[in-house]
There are 2 protein chains.
Amino acid sequence: MKTLRVPEATVTRLSIYSRYLERLDRNGVSSVSSGEIADGVGVSPAQVRKDLAYFGEFGTRGVGYNVKDLMRYTLKILGLDRHWNLILVGAGNLGYALCTYRGFNMRGFSIVGVFDNDLTKIGKRINDLEVLPMESMPEIVKDHNVRIGIIATPTRAAQEVADYMIKCGMQAILNFAPLPLNLPEHVEVRNVDLSVKLEILTFNLGFKSAQNV
Amino acid sequence: MKTLRVPEATVTRLSIYSRYLERLDRNGVSSVSSGEIADGVGVSPAQVRKDLAYFGEFGTRGVGYNVKDLMRYTLKILGLDRHWNLILVGAGNLGYALCTYRGFNMRGFSIVGVFDNDLTKIGKRINDLEVLPMESMPEIVKDHNVRIGIIATPTRAAQEVADYMIKCGMQAILNFAPLPLNLPEHVEVRNVDLSVKLEILTFNLGFKSAQNV
DNA sequence: TAGCTAATGTTATTTACTTCACATAATATA
DNA sequence: TATATTATGTGAAGTAAATAACATTAGCTA
């Protein structure tokens with residue numbers, strides 16, 4: 001098996017292919033071509049094949065791909081052939097929304113601990129979880145073998161929370177605070193910035209208007 | 001002024017520089033170099049200068065950039081030198097979180113209409129807004145001159161909602177449903193997929209584990 | 001005012017990513 | 001069984017983006 005560096009764009013698309021394949025499978029589709037996948041998710045057929053080629057050969061020439069098989073392969077590649085327990089810090093509205101977000105469960109993620117340092121929030125329930133004080137993090141992490149943490153705090157708290165998460169053993173962090181975190185190399189971080197995409201839209205709208213003038 | 005095509009990655013970074021500059025400005029910093037911006041947001045100094053070069057010359061050789069000026073320029077480039085009214089469909093937990101999200105207001109965005117087709121949700125209040133039925137959309141859009149819509153519905157409703165938004169005149173859509181939308185060319189769409197980034201993390205954790213074995 | 005230092009703006013280089021094009025292989029058909 | 005058709009997998013070509021390198025210019029110092 002090849003060990004080329006895999007572009008992050010490829011991993012992103014793989015995640016999208018994977019979900020598209022789940023949908024096909026639910027709809028009873030058993031076979032699919034790179035062209036159909038491409039149409040379904042809005043990329044080129046060559047792109048689909050190239051992306052898959054980083055990880056092996058999954059199709060049959062002249063035929064296409066078996067939906068169930070390819071779905072399982074993509075899930076496995078993404079590390080989703082297993083269950084992942086997560087912790088989340090920040091029991092505000094965003095934290096609440098993330099805890100109740102179905103999309104995570106559907107992909108094998110479970111939030112097993114919600115933390116906050118606000119005394120008015122500690123003890124409240126979200127689904128079947130109680131919001132806990134930060135000091136409880138090490139215990140939860142140990143009990144549930146947690147490696148990934150989600151930050152849904154106000155911006156000002158994010159860096160401190162990230163540092164504490166790492167002290168508690170987190171190996172990866174998903175950060176919703178609009179602030180670049182400063183973390184050691186061995187920790188994987190990805191940011192979800194809710195307003196950046198919105199600003200790409202305003203940029204493009206502005207650009208269009210300018211061209212019409 | 002050059003009219004090269006601007007890479008989307010550049011626009012994304014511009015949004016991040018812009019917020020970083022706002023922070024510097026709030027902290028009373030008046031001058032900054034490309035190297036300092038680079039350190040602050042985690043890119044290379046050359047990248048910062050290259051990104052800015054798409055839009056003009058904003059610095060002084062040997063000196064650096066005036067923070068307030070560059071902040072204003074970046075905001076203007078992104079189309080954020082004005083106010084943007086938004087509508088949102090889907091008054092669930094995610095919709096609620098987005099309506100109350102400070103990050104939008106801080107960048108000049110206001111959600112002026114929240115819609116749902118669920119009768120149990122219509123009439124409820126979010127901040128100072130009442131959740132309205134879908135039929136009210138055209139009126140709100142007209143009254144507030146809205147061009148951008150946010151989709152925070154369950155996946156199954158997203159495509160239909162997007163179509164209706166466009167009928168109501170939306171020119172751009174920010175889609176939180178994990179589904180590629182099928183829309184006419186002239187409509188700008190960006191997806192915020194909450195679990196894709198999480199799956200990049202699990203991919204990377206899996207990859208690391210594999211390499212250690 | 002001449003020389004030094006610092007940091008921009010920009011060209012050249014390198015690297016990364018995407019698309020193209022086609023050889024290969026599987027199935028269907030006559 | 002030969003032929004036509006379809007769609008994969010992949011090397012080559014093309015495009016785009018990031019990095020490096022440097023010429024330029026502002027400000028400082030003696």
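Naming convention: chains lettered A, B, ... in sequence-line order (proteins, then strands); numbering from 1 in each chain.
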Practice item. Kindly state which residues belonging to residues 17-45 of chain B come within less than 4.0 angstrom of DNA chain C, counting heavy atoms of the residue only, listed by number. Key: S33(B), S34(B)
Review point. Which of residues 57-79 of chain A sit near DNA chain C, with a heavy atom under 4.0 Å from it?
Key: T60(A), R61(A), V63(A)
Check your understanding: Excluding sequence neighbours, so at least two apart, what forms side chain to side chain donor-acceptor pair (under 3.5 Å) with T12(B)?
Key -> none
Point to revise | Partners passing side chain to side chain donor-acceptor pair (under 3.5 Å) against N66(A) (at least two apart in sequence or in another chain) | key: none
Exercise for review: Could you tell me whether F58(B) and Y73(B) have their ring centroids closer than 6.0 angstrom?
Suggested key: yes
Exercise for review: Step through it carefully: locate the ring centre of Y17(B), locate the ring centre of Y20(B), and say whether they are under 6.0 Å apart.
Suggested key: no
Point to revise | Pairs satisfying side chain to side chain donor-acceptor pair (under 3.5 Å), at least one member in residues 158-168 of chain B, at least two apart | key: Q159(B)-D163(B)
Would you say [X] reaches [N]'s phosphate, i.e. side-chain N/O to OP1/OP2 under 4.0 Å?
| X | N | answer |
| --- | --- | --- |
| Q47(A) | dC17(C) | no |
| R13(A) | dT18(C) | yes |
| R5(A) | dC17(C) | yes |

Check your understanding: Of P7(A) and A46(B), whose closest DNA chain C nucleotide lies nearer the 5' terminus?
Key -> A46(B)
Review point. Any salt bridge between E22(B) and R72(B), counting N to O under 4.0 Å?
Key: no
Exercise for review: Inspect the contact between R190(A) and E188(A) and indicate whether a charged nitrogen and a carboxylate oxygen are less than 4.0 angstrom apart.
Suggested key: yes
Nearest-Å distance for atom pair [atom1]/[atom2], residues [X] and [N]:
| X | N | atom1 | atom2 | result |
| --- | --- | --- | --- | --- |
| K50(A) | dT15(D) | NZ | P | 16 Å |
| L52(B) | dT10(C) | CG | C1' | 13 Å |
| D51(A) | dA16(C) | CG | P | 17 Å |
| Y54(B) | dT8(C) | OH | P | 18 Å |

Check your understanding: What nucleotide, of dA21(D), dA16(D), dC17(C), holds the atom closest to the side chain of R49(B)?
Key -> dA21(D)
Review point. Is a side-chain donor or acceptor of T60(B) paired with a backbone partner of V63(B) at a separation under 3.5 angstrom?
Key: no
Per-pair distances, 0.1 Å, donor-acceptor, side chain in residues 31-40 of chain A, under 3.5 Å, sequence neighbours excluded:
| residue | atom | partner | partner atom | Å |
| --- | --- | --- | --- | --- |
| S33(A) | OG | G35(A) | N | 3.4 |
| S33(A) | OG | E36(A) | N | 3.2 |
| S33(A) | OG | E36(A) | OE1 | 3.3 |
| S34(A) | OG | R49(A) | NH1 | 3.1 |
| E36(A) | OE1 | S33(A) | N | 2.8 |

